[in-house]
Amino acid sequence: MALIKCNECGHEVSDKAQTCPKCGAPINQIELPTIVKYDSNSDNFYGTMNLIVKLAMKAIQEHGWTLDQANDNIGLVTFKTGMTWGSWSGVTGSLNISEISPNNFNITGTGKQNISGGQLVAMNIGNEAKKKAQKVINTMKRLASS
């Protein structure tokens with residue numbers, strides 16, 4: 001069983017339900033997207049949370065970085081890069097996926113330089129850490145547009 005959003009009221013409903021318990025709209029008319037699409041005009045992604053998270057995972061792997069966590073319940077994907085200009089230990093990045101309307105998502109990213117071993121300081125040269133997260137988002141846009 002999966003929770004889906006009612007097209008009429010946006011209430012979360014079981015995909016097994018016949019009608020929405022909140023507004024009574026028939027559930028069998030709700031179609032879930034099967035692929036992710038990117039709309040450059042709104043800078044948003046269209047799909048399901050599960051599909052968006054899978055797209056983020058694919059984009060991270062395309063760069064050869066390590067996927068740390070992917071949680072489609074809360075819309076969070078974290079990753080780690082290899083060595084960067086500012087840190088021997090690389091960058092830890094996170095993507096925050098927010099559903100702004102049914103099946104319409106906005107993605108933001110953050111990053112920080114890692115410190116490990118004997119390294120005392122990690123310089124975020126040219127905001128390199130955040131740029132790694134943006135690089136993943138840009139790859140997601142390219143993959144969803146093709």
Side-chain angles (χ1 to χ4, degrees), residues 1-17 20 22 25 27-146:
M1 178 188 87
L3 290 177
I4 58 176
K5 294 206 185 257
C6 172
N7 278 343
E8 295 295 318
C9 69
H11 184 73
E12 286 193 339
V13 181
S14 166
D15 62 348
K16 306 277 186 225
C20 175
K22 185 173 181 184
I27 299 303
N28 58 3
Q29 293 179 357
I30 298 174
E31 282 189 38
L32 291 177
T34 57
I35 61 170
V36 177
K37 295 179 183 174
Y38 173 68
D39 179 7
S40 60
N41 294 327
S42 64
D43 196 29
N44 291 328
F45 291 84
Y46 176 79
T48 63
M49 179 65 83
N50 185 274
L51 290 172
I52 303 287
V53 168
K54 285 181 181 180
L55 181 66
M57 293 166 57
K58 184 177 180 178
I60 290 164
Q61 291 169 343
E62 188 171 294
H63 290 287
W65 299 336
T66 305
L67 178 68
D68 285 335
Q69 176 187 16
N71 187 326
D72 59 1
N73 289 323
I74 60 173
L76 178 67
V77 179
T78 59
F79 63 94
K80 183 177 177 185
T81 70
M83 183 173 40
T84 63
W85 286 104
S87 172
W88 295 107
S89 305
V91 166
T92 296
S94 65
L95 302 177
N96 301 300
I97 306 165
S98 304
E99 189 168 19
I100 53 178
S101 64
N103 301 318
N104 195 11
F105 296 87
N106 184 311
I107 303 175
T108 57
T110 59
K112 71 175 187 70
Q113 296 285 354
N114 296 325
I115 298 176
S116 68
Q119 186 176 353
L120 300 176
V121 176
M123 304 293 288
N124 192 16
I125 300 168
N127 204 13
E128 176 184 36
K130 184 169 181 166
K131 287 180 181 177
K132 297 294 185 188
Q134 189 59 50
K135 190 171 187 175
V136 173
I137 294 170
N138 290 341
T139 301
M140 291 175 67
K141 290 175 183 179
R142 180 181 51 78
L143 291 170
S145 297
S146 52

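Please read these numbers as outputs of a predicted model, since none were measured by experiment.
- Between N96 and L76, some side-chain heavy-atom pair lies under the 4.5 Å cut-off.
- Proximity of V77 to N71: side-chain heavy atoms (C-beta onward) are nowhere separated by under 4.5 Å.
- Between L143 and E62, the closest side-chain pair of non-hydrogen atoms falls below 4.5 Å.
- In terms of heavy atoms, I35 sits closest to L51 at N-CD1, 3.8 Å.
- The heavy-atom pair separating K80 from W65 by the smallest distance is O-CB, 3.3 Å.
- With a 6.0 Å radius and a threshold of 12 heavy atoms from other residues, nucleotides or ligands, K135 has its NZ atom at or below the threshold.
- The structure places NZ of K132 at 15.0 Å from OG1 of T110, a figure rounded to the nearest 0.5 Å.
- Judged by distance alone, the side chains of D43 and Y38 do bring a donor and an acceptor atom under 3.5 Å apart.
- Note that the CG atom of L95 and the CG atom of L55 stand 10.0 Å from one another [nearest 0.5 Å].
- Looking only at side-chain heavy atoms (C-beta outward), M140 and F45 come within less than 4.5 Å of each other.
- Between H11 and C20, the shortest heavy-atom contact is CB-SG, 4.1 Å.
- Atom CD1 of residue I74 and atom CE of residue M49 lie 9.0 Å apart, to the nearest 0.5 angstrom.
- Side-chain contact between I4 and E12 is absent, with no heavy atoms from C-beta onward closer than 4.5 Å.
- Taking both residues in full, the closest heavy atoms of E8 and A25 are given as CG-CB, 3.3 Å, listed atom of the first, atom of the second, then distance.
- Side-chain contact, T78 with S94: no donor N or O sits under 3.5 Å from an acceptor N or O.
- Heavy-atom minimum distance, I137 versus G109: CD1-N, 3.7 Å.
- From K141, atom NZ reaches atom CG of D39 across 11.0 Å, with rounding to the nearest 0.5 Å.
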- Go through the steps to decide whether E99 and K5 satisfy the test salt bridge (Lys or Arg N to Asp or Glu O under 4.0 Å), and finish with yes or no. CA-CA 11 Å; E99 189 168 19; K5 294 206 185 257; 3.8 Å; yes
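- Looking at F79 and V136, their side chains come closer than 4.5 Å, going by heavy atoms from C-beta outward.
- A donor atom on one side chain and an acceptor atom on the other are found under 3.5 Å apart for N50 and D72.
- Closest approach of P33 and T48 over heavy atoms only: CD-CG2, 3.8 Å.
- In this structure, OG in S42 is found 6.5 Å from CD1 in I100, a value given to the nearest 0.5 Å.
- From F105, atom CZ reaches atom CD1 of I52 across 5.5 Å, with rounding to the nearest 0.5 Å.
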